[in-house]
Amino acid sequence: MDTSTRCVPKENIMKARKYSRDEYLKKRVQKKLKELKDEIVDEPFLFEGVKKLTQLEQHEFKTKKQIYEISKNMFEEEHDNNNNDYYKVPYGYDDERGLNHEKIFSHGPKFESKDMKHECDEFVFEDQIDFVKAMIMDGENLEQDQTRIQESKSDLEKQLQEDRKTLPIYQYRDALLQAVSDHQVLVIVGETGSGKTTQIPQYLHEAGYTKRGKIGCTQPRRVAAMSVATRVSKELGVKLGHEVGYSIRFEDCTSEKTVLKYMTDGMLLREFLGEPDLASYSVVMIDEAHERTVSTDILFGLVKDIARFRPDLKLLISSATLDAEKFSDFFDSAPIFKIPGRRYPVEIHYTKAPEADYLDAAIVTALQIHATQPPGDGDILVFLTGQEDIETAGEALKHRMRGLGMKIPELIICPIYANLPTELQSKIFEPTPEGARKVVLATNIAETSLTIDGIKYVIDPGFCKMKSYNPRTGMESLLVRPISKASANQRAGRSGRTGPGKCFRLYTAYNYYQDLEDNSVPEIQLTNLANVVLTLMSLGIHDLVNFDFMDPPPSETVIKALEMLYALGALNSDGELTKIGRKMAEFPIDPMLSKMIVASDKYKCSDEIITIAAMLSVGNSIFYRPPKDKLVYADNARKSFHEGNVGDHIALLNIYTSWKDTGFDSEWCYDNYIQFRSMKRARDIRDQLQGLLERVEIQISSNSQDFDAIKKAITSGFFLHSARLYNSGLPSSSLYRTVKHPHTVHIHPTSGLAKEFLPRWVIYNELVLTSKEYMRQVTQVKPEWLNEIAPHYYQLKKV
DNA sequence: GAGCACTGC
């Protein structure tokens with residue numbers, strides 16, 4: 001794979017495809033077809049036409065397939081009311097592309113792997129992708145998997161105990177307990193299915209560690225913490241929330257009795273604030289450490305530190321294979337304990353040559369698999385970068401399946417990405433009907449966050465979207481980038497969960513070994529750290545430069561965060577936390593938002609401000625973006641909350657109060673093109689913030705009519721994000737200049753302020769870089785407020 | 001007139 005071309009932003013590839021080549025091609029083909037139409041007498045106009053066309057246009061167009069598709073579209077438009085059967089591929093149509101099955105079958109295979117050769121012998125597409133089978137990721141302990149049978153309810157507990165003994169980890173029980181007793185820190189390597197998450201805490205409990213304190217086990221995700229705790233409580237035959245419990249944001253399912261506590265990593269981090277030595281714990285297990293979330297990375301440094309003062313505290317770091325040595329090194333050469341996983345073998349296939357258009361290649365590969373493998377065999381999972389890719393691929397697949405007619409089994413297309421409304425997400429979990437096959441088009445969500453049963457084939461184009469953060473400008477953007485080896489292996493492993501699987505990588509073996517990084521860049525190096533720095537500060541860690549990070553974040557990012565906290569008044573000139581800073585640290589949100597809340601006390605509008613803070617911290621998924629034809633309704637709905645050019649912040653407040661007035665109705669959300677899921681989340685966050693107000697002694701006060709007071713409170717948090725209209729003489733100019741680091745930016749078109757009216761001074765929630773540099777969530781302010789609210793910051797600047 | 005991968009507190 002030529003990584004330089006692979007790094008081209010997806011938009012460019014898409015644009016080139018959509019607007020230049022295809023448009024051009026379409027016009028040419030349509031013209032030619034019209035010319036030819038009179039020559040070809042009806043029967044199958046389309047196919048004869050295509051045949052002639054391909055001869056004529058051979059030198060101009062790359063593949064007949066494209067010509068076929070365009071002429072087919074054109075044909076369909078013309079014969080819209082006709083019998084659909086007409087579009088079936090007629091017998092005898094000769095196209096090496098593979099639209100006639102009998103013909104195609106005679107072509108040779110291009111797969112190199114032996115078994116595929118046999119299976120693919122009869123079906124080859126013109127732009128077939130050549131794969132080379134390279135290796136098999138070994139499966140382990142397979143024979144034991146046969147025993148997983150659900151028993152009747154009365155036998156359930158007995159069965160659960162039997163099940164526990166069949167887990168690979170069971171035979172290592174005594175050795176593991178010995179290792180834990182001999183060493184304070186232990187790195188555990190165990191692949192998925194080894195049972196480490198459910199069993200290790202139970203073994204330690206059985207061995208008596210819970211007599212001295214709780215056993216805590218962290219997970220990167222909420223659902224994992226919940227489901228594992230549920231499972232373990234069943235295995236131990238206790239009620240969830242008693243001896244076994246879980247703790248996640250908005251939901252604490254634990255009691256005084258709880259000795260095995262599963263929690264999200266962020267939750268343990270917040271527990272540090274109340275209990276800096278984790279005195280109530282005897283064992284802390286950091287699970288899925290290889291995922292390297294910001295919270296786990298911080299936890300590493302913190303637990304390593306407290307382990308020195310608490311020799312009785314046992315630490316378990318559990319991870320996937322690749323990182324084990326690194327974890328061991330970080331924890332002063334802690335011993336590594338290996339547990340084999342339980343997984344089926346996965347065949348890895350690479351392409352012989354790099355693929356220029358990964359989307360097209362993925363579609364063709366999916367069709368190839370579908371056409372050559374028996375349908376009851378297993379479903380296909382395709383990893384794509386985002387919603388747009390998924391929609392494009394879904395359309396293309398549907399289209400081509402129609403082109404292939406009835407001779408091929410049904411293919412059910414299931415898109416899945418995090419912003420997809422919940423009711424549409426559930427489609428992927430429905431069992432595949434007999435004789436059909438499911439193809440799941442997924443983002444990275446399927447890499448770790450959810451598991452789909454019945455997947456046998458994985459198609460991995462080798463890309464994902466990654467966040468990048470520029471500490472200098474404070475700008476965030478998403479870039480399409482090649483994945484890491486670890487990520488590629490994780491994706492491949494998704495095919496081997498219920499039986500032997502196959503993974504088709506749309507890049508070459510050379511690309512894999514030479515071009516891909518071993519591991520993904522840890523998140524802590526890619527993100528804004530203001531909140532993390534504030535948390536560490538309130539734990540009394542002032543020397544952040546020397547904090548023991550496994551992979552330190554760029555010093556620029558840390559300095560930027562410190563500067564911001566200083567400007568917000570959370571730190572004094574000695575770098576110590578102020579009273580304001582301590583209050584701010586109580587809120588689990590971005591420091592600028594928490595400053596806004598703390599400041600709202602003064603303006604007597606804390607009720608409105610926590611609503612705005614909750615809405616802002618839900619992020620950009622509040623508005624549902626429907627397909628193009630309904631987009632205009634969605635935009636109008638959005639505008640209706642923005643009457644009087646109140647600004648986007650007040651508009652968010654309006655949305656929340658309108659929703660609240662309906663009694664938190666889901667229909668209302670649907671009518672207004674608002675995501676119900678996001679609103680529920682906003683409500684949860686708001687409730688949490690309201691609870692925290694008491695803790696920092698801020699009165700709930702409402703002042704819903706005084707927008708200036710609300711805006712002033714917002715300005716107290718966001719005065720660093722101010723911008724001034726630039727070139728205001730020109731009516732069409734919408735250029736703004738940020739005040740802090742002078743930089744030209746625009747108001748995001750989805751803002752209520754974008755068109756109607758351009759204020760001279762604004763504050764914004766965030767900067768994003770997409771096609772331009774945009775300010776998102778913008779509100780007008782008066783320049784004198786900046787002087788009044790942040791004189792320390794604006795005194796020298798000319799406002 | 002744009003276009004937001006995924007988590008978490």
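Computed from heavy atoms alone, side chains included, the values below leave out hydrogens, waters and symmetry copies. Letters go in sequence order (proteins before strands), and every chain restarts at 1.
- When heavy atoms are screened at a 4.0 angstrom cut-off, A/D684 is found touching no nucleic acid atom at all.
- Summarising the geometry, the separation between CE on A/M263 and P on B/dT7 is reported as 21 Å, rounded to the nearest angstrom.
- Nearest nucleotide to the side chain of A/E523, out of B/dG1, B/dG8, B/dT7: B/dT7.
- Among the heavy atoms of the strands, none lies under 4.0 Å from A/R292.
- For A/F250 and B/dT7, the CZ to P distance is 14 Å, given to the nearest whole Å.
- Note that CG of A/D265 is 9.0 Å distant from CD of A/E291, once rounded to the nearest 0.5 Å.
- At a threshold of 4.0 Å, the pair A/E517-A/R481 does not count as salt-bridged, since none of the basic side-chain nitrogens sits closer than that to a carboxylate oxygen.
- The CD atom of A/Q688 sits 14 Å away from the P atom of B/dG8 (whole-angstrom rounding).
- The distance from atom NZ of A/K465 to atom CG of A/D389, rounded to the nearest 0.5 Å, is 7.0 Å.
- A/D590 places its CG atom 14 Å from the C1' atom of B/dG8, with the value rounded to the nearest Å.
- Taking CD of A/Q219 as the reference point, atom OG of A/S227 lies at 8.0 Å (rounded to 0.5 Å).
- Following rounding to the nearest Å, A/I685 (CD1) and B/dG8 (C1') show an atom-to-atom distance of 11 Å.
- Taking only side-chain atoms of A/I248, from C-beta outward, the nucleotide of B/dC9, B/dA2, B/dC6 with the closest atom is B/dC9.
- Put simply, A/T535 has no side-chain N or O that comes within less than 4.0 Å of OP1 or OP2 on B/dC9.
- Among the protein residues, A/M466 comes within range of no part of the nucleic acid, since none of its heavy atoms lies under 4.0 Å from any strand.
- Between the P atom of B/dG1 and the OH atom of A/Y774 lies a distance of 9 Å, rounded to the nearest Å.
- Taking only side-chain nitrogens and oxygens, A/T443 comes nearer than 4.0 Å to OP1 or OP2 of B/dC6.
- Using a 4.0 Å heavy-atom criterion, one finds that A/T293 contacts no nucleic acid atom at all.
- At whole-Å resolution of the value, OH in A/Y673 and P in B/dA2 are 22 Å apart.
- Checking B/dA5, B/dG1, B/dC9 against every side-chain atom of A/K465, the shortest atom distance belongs to B/dA5.
- Listed candidates were B/dA2, B/dT7, B/dC9. Nearest to the side chain of A/M267 is B/dC9.
- Here the side chain of A/L478 is nearest to one of B/dA5, B/dG1, B/dC9, namely B/dA5.
- Taking atom CZ of residue A/R249 and atom C1' of nucleotide B/dT7, one finds them 12 Å apart after rounding to whole Å.
- Of the options A/D515, A/D460, A/D518, a salt bridge (charged side-chain N to carboxylate O under 4.0 Å, His left out) to A/K485 is made by A/D518 and by none of the others.
- Using a 4.0 Å cut-off, some side-chain N or O of A/R222 falls inside it from OP1 or OP2 of B/dC9.
- Nearer to the 5' terminus of DNA chain B, by closest-nucleotide assignment, is the contact made by A/N444 (compared with the other of A/N444 and A/R681).
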